[in-house]
Amino acid sequence: MPALRVFYVKKMVVFSKTNQASRKNNHYAEIKLNARAVSRGVAIGKVICLHGRKRQFYRIELNDSQIERELRRFRAAVRLAQSQIKKISANKSEIKAGIFAAHLLILEDKSLLAKIQNNIAEQKVNAEWAVKVVTDTYISNYKTIADEHLRERYIDLEDIADRLLTALGGGGKSNIPMSENSIIVAKDVKPSTLIELTESNPKAIITEKGGWTSHTFILAREMNLPAVTGLKGILRRVQTGDNVIVDGYNGEVILQPNDETYNKYEIAAANFREVNSEEFEAIKGKPKTLDGREITIRANVDLPKGYIRARRFGAEGIGLYRSEFLFNQYKGFPSEQEQIEAYRKIADLVGEDGVRIRTFDLNVEQLADESVEKEQNPALGLRGIRLGLSHHKEFRTQLRALLQASAGNKIDIVLPMISDVSEILLTKEILKQEKNRLRKSKIEIGNPKLGAMIEVPSAVLTIDEIAGEVDFLSLGTNDLVQYLLAVDRDNESVADWFRTLHPAVLRAVKMVLQAAENHEIPAIICGEMAGSPFYAPILVGLGATVLSMNANSILRVRRIISGIAFEEAQEIVKNLEICKTSAEVENLVREIFKEKWSHLFSPDLLPSRKKIRKLEVEN
Ligand code: PEP
Ligand code: MG
């Protein structure tokens, strides 16, 4: 360990010099902003502003040799967008066809296309940026038109800009990476954008929107990327290139930091890098409570690289593999063969410990082409298992891929968003048919176990029927909290209502664990609750024996489990059962943990009283 420290100190000094040199021109005063911490860690770097609604991008400066290629990329995107519109508008009602005809006219407007191409060539910028700059000007001009009918045309321009940006993302990527030490600032960041940006190795994320359990921040934690959210209007306060510090432990953002602040945070940032260094010694075996109860730790992994880290921290297999993340890699629906390869790759890596692959948990807009009607309420719409059962072709393709990949590999299948046992029975029937077909064609298949995600209240209330038909249960606490409490998990403005320790949630978890025990099948907790040191003792007290979490949480949760007694955890849970509200539960947990286990919890691991009080009536 001492050798490692010297390495980081040296690196720190070099880093410090570069930063101080590059900050010389900075005459602004330091600004400290309070945000909500959603991924731990500290990072120091320079702002890179992300733009775009459907597809996100940032401004890239090109050199002369890159301009011709960029112009070709833009023209290809225009052709793709035009052909999409022609395809979508076929067989549409008169009104809809009229809208698409107007879109096509805009896309054929020579002066608009020329302006965008000139912008690429003269300003030497990427096509995405040129599309934004030019269409923004058109849109603001339209918005000033007095005639209401004409003014509304700006919406068509916004649609066209989105379509062009999406088309630019579908073809050859502008593979010019962002500069080192970039800190992404955006309204929100889509998971697909984050995956696209990983090659450029950003250092942290700052957003206006997004909850703790949103997929973007789940990924950020998996990727070890400090992140904070809840900063309204942040894009108006910063510019690409500004110096910034992100403190993902305390939820702070410091703009234009002064030298004193820099020095303080450089030590914290270096420590963060050290803890996450690849040189960490591997840990083996299950953590045990002080009175001997063993807890299995599995990993939630979406990128194979993530499992390598998780295994070093002692993870035994993958408890949740979100297969829909393949969509980001293949830019659309992955073929049967692509899926087989991806599933085999992850199963090879995991070996005997096995991987539980969840079938696509997408909504209909993500699966189908753009001709599909926008859903008013996608979280309650055609998503998860419902989408699979209504889009048989794609569902069968995935099940066939899973059956083939599981030949010789330990792969289990998990079904998302199950609301009652009928969906399990239907899936079993489809699986049986596909197995027979594959066998008839003499294609080798495995015999994967089948499990249900329990994340919808109706599944909890009918848990006995479901448990009787599956090989295991996977408790998805992110959606379970969302649906039990009717709180959008992605909406930062209702984050104070997203109460993981709501009595209803605790009762639901208990019912599911009890049903699993009665039916003698395993239950695994794989929502973000399992990876929180604050919640883990409660889950253990409720009877959980398998927790699945992202790699970054494993060491902290292991430490807590090894420091508590199962009996104590059970006792705490008994005391919580009489609490009437989440605030009562949270306060009690906080007090008991402080009294019993203050040596295990650093202050930042306990939610602050301020947060707990937030929903009380103010005098
Ligand atoms: C959950 O809902 O808790 C879960 C694990 O799945 P996801 O976060 O992908 O919805
Ligand atoms: Mg879920």
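Side-chain atoms are counted along with the backbone in the values below, which use heavy atoms only and exclude waters and symmetry mates. Counting convention: from 1, in listed order, for ligands and their atoms alike.
- Residue contacts with ligand 1 for Met453 involve side-chain atoms from C-beta outward but no N, CA, C or O (heavy atoms, distance under 4.0 Å).
- In terms of polar-atom proximity, Asn478 is counted as a contact of ligand 1, with an N or O under 3.5 Å from an N or O of the ligand.
- Judged purely by distance below 3.5 Å, without hydrogens or angles, the side chains of Asn300 and Arg322 never pair a donor atom with an acceptor atom.
- Remark: ligand 1 atoms within the under-4.0 Å shell around heavy atoms of Arg322 are 4 (C), 5 (C), 6 (O), 7 (P), 8 (O), 9 (O).
- Remark: the Ser419 side chain and the Glu423 side chain contain an N/O donor-acceptor pair separated by less than 3.5 Å.
- For Phe360, the ring-ring contact (aromatic ring centres under 6.0 Å, His included) test picks out Phe327, Phe333, with sequence neighbours left out.
- Counted within 6.0 Å of NZ on Lys232, heavy atoms from surrounding residues, nucleotides or ligands total more than 12; the atom is thus considered enclosed.
- Within the 4.5 Å cutoff, no side-chain heavy atoms of Ile184 are placed close to those of Lys203.
- Numbered from 1 in the order shown, with element, the atoms of ligand 1 that lie under 4.0 Å from a heavy atom of Thr477 read 3 (O).
- Distances below 4.0 Å separate heavy atoms of Asp479 from the following atoms of ligand 1: 1 (C), 2 (O), 3 (O), 10 (O).
- When each atom of ligand 1 is checked for a heavy atom of Gly527 under 4.0 Å away, the hits are 3 (O), 5 (C).
- Close contacts of ligand 1 with Leu320, meaning ligand atoms under 4.0 Å from a residue heavy atom, involve 5 (C).
- Annotation: ring-ring contact (aromatic ring centres under 6.0 Å, His included) contacts of His519 (sequence neighbours excluded): none.
- Counting only protein N, O or S atoms, 2 lie closer than 2.8 Å to the Mg ion (ligand 2).
- When only modelled atom types and interatomic distance are considered, Gln339 and Gln404 share no side-chain donor-acceptor pair under 3.5 Å.
- By the 30° and 60° cut-offs, the orientation of the rings of Phe593 relative to Phe601 is parallel.
- Between the side chains of Thr229 and Glu208, not a single donor N or O lies within less than 3.5 Å of an accepting N or O.
- For Glu455, a nitrogen or oxygen atom sits less than 3.5 Å from a nitrogen or oxygen atom of ligand 1, counting backbone and side chain alike.
- Applying the side chain to side chain contact (heavy atoms under 4.5 Å, CB included) rule to Ser335 yields the partners Gln337, Glu338; only residues at least two apart in sequence or on another chain are considered.
- The nearest protein atom to atom 6 (O) of ligand 1, hydrogens excluded, is given as Arg358 NH1, 2.9 Å; this is a heavy-atom distance.
- At a 4.0 Å heavy-atom cut-off, ligand 1 does not touch Gln482 at all.
- For the pair Arg356 and Phe472, the distance from NZ or CZ to the six-membered ring centre is under 6.0 Å and the angle to the ring normal is within 45 degrees.
- Looking from atom 7 (P) of ligand 1 to the surrounding protein, the closest heavy atom is His215 NE2, 3.3 Å.
- Side-chain atoms of Gln514 and Asn518 include a donor-acceptor pair closer than 3.5 Å.
- In summary, the atoms of ligand 1 found under 4.0 Å from a heavy atom of Arg489, numbered by their order in the structure, are 2 (O), 7 (P), 8 (O), 10 (O).
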